[in-house]
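Remember, it's a predicted structure, so these values are computed and weren't measured experimentally. We count ligands from 1, going down the list as the structure has it; atoms in each ligand are counted the same way.
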Amino acid sequence: MYNLDFKSDRSMDLVGIGRLCIDLNADQFNRPMEETTSFTKYVGGSPANIAIGAARLGLRSGFIGKVSDDQMGRFIQQYLQKNNIDVNGVSVDDTGAVTGLAFTEIKSPENCSILMYRDNVADLKLDTTNVSEDYIQQSKALLISGTALAASPSREAVFLALDYAKKHGVIVFFDLDYRAYSWNNDKETAVYYNLVAEKCDVIIGTREEFDMMEQFENFSQDDHKTANKWFDYSAEIVVIKHGSEGSIAYTKEGQTERSGIFKTKVLKTFGAGDAYASSFIYGLMNGWDLDQGMQFGSASASIVISKHSCSDAMPTVEEINQFLKSASISEKE
Ligand SMILES: Nc1ncnc2c1ncn2[C@@H]1O[C@H](COP(=O)(O)OP(=O)(O)OP(=O)(O)O)[C@@H](O)[C@H]1O
Ligand SMILES: O=C(O)C[C@@H](O)[C@H](O)C(=O)CO
């Protein structure tokens, strides 16, 4: 088991902080973007996807972020509200910044890529004046997404939110969410990621994201060494995602759980991590065993990668349970 003390006297379950952007997913898939002519617009941004996924599962979710003062910013705010996400922590940029765009390319189910337009984006203009201590202390948990550390003043806003969370006993989830295009170099990334990870209770990332963060060590992709490093700081749980090979989770109390995947008709692979994170967090916040949360996360990921969108495709509890009734987890060696 694990030791996460979610405070019961809080009006929100999970508050996300970071990127609110727009996904433009190619309508014509199984071809390069050069050959596509239309896209469907969805709300995107990894932390936004996770918060939306959590809300769809019934968690009381909020968000701390900044949107552009235009139609895209209003689209995002309206979508969050329609999906029962508290937007009192969302501020509107007044500098003329724009909404980050993620053009997604589905060359084949396993060969997807994202073309990011992120110059002068509103999400990285989030600053410390936009981070309310009262807002954070109302929540049981805070979700930090790594890309919000990519530039000031968003970086300082995240560090302040983290300090408020630790001050008020708010459990902190750190989804590494490493997107190289947002950074100058990976050493700079690792410096800031380490400073945050050292204070977080649950760290979730792919093997590659942990390798980037731990590049000053010599762990040679050893999951167990990775986990033990973070247990020496504040972590209670470390989850390492291995794509279609599944995932592994460790607890500070000595538990290790491996999870396979649920085979599905894959349309696109992106969104798997956000779906996994939202459902895994849901399981932890309901006091489930680690393996139950991992199975719920894996099922959610399979559902989302079989659909065109990420945010829109985030499933309800009923949809996941229905999926689990007919699915069988394929254990990867
Ligand atoms: N092809 C697949 N089929 C079924 N399940 C998958 C597949 N790929 C990933 N998953 C599930 O989703 C989880 C997260 O996927 P992955 O390790 O790719 O994270 P990620 O890189 O953060 O995802 P994203 O592409 O959304 O950024 C995996 O641990 C696994 O449970
Ligand atoms: O996080 C991003 O900026 C891209 C997302 O919007 C997109 O939905 C995705 O890649 C999810 O993993």
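In this model, a donor atom of one side chain and an acceptor atom of the other lie less than 3.5 Å apart for Thr226 and Arg207. Under the 3.5 Å distance criterion, with hydrogens and angles disregarded, a donor-acceptor pair is assigned to the side chains of Tyr135 and Asp86. Checking Thr40 against Asp27 by side-chain atom types alone, a donor-acceptor pair falls below 3.5 Å. No side-chain donor from either of Ser259 and Gln295 sits under 3.5 Å from a side-chain acceptor of the other.
Counting heavy atoms closer than 4.0 Å to ligand 2, residue Thr147 contributes nothing at all. The backbone and the side chain of Ser46 each have at least one atom closer than 4.0 Å to an atom of ligand 2 (non-hydrogen atoms only). In Thr104, neither the side chain nor the backbone holds a heavy atom less than 4.0 Å from any atom of ligand 2. Within the 4.0 Å heavy-atom criterion, the part of Ala301 lying near ligand 1 is the side chain and not the backbone. Under 4.0 angstrom from ligand 1, the non-hydrogen atoms of Ser302 all belong to its side chain.
Without hydrogens or angle criteria, Glu188 side chain to Asn185 main chain gives no donor-acceptor distance under 3.5 Å.
Counting atoms of ligand 2 from 1 in the listed order, those under 4.0 Å from a heavy atom of Gly271 are 11 (C), 12 (O). Atoms of ligand 2 found under 4.0 Å from any heavy atom of Met116 (numbered from 1 in listed order, with element): 3 (O).
The residue among Thr206, Ile204, Val304, Ile248 with a heavy atom at the shortest distance from atom 20 (P) of ligand 1 is Thr206.
Of all protein heavy atoms, the one closest to atom 11 (C) of ligand 2 is Asp274 OD2, 3.1 Å. For atom 29 (O) of ligand 1, the closest non-hydrogen atom of the protein is Gly246 O, 3.0 Å.
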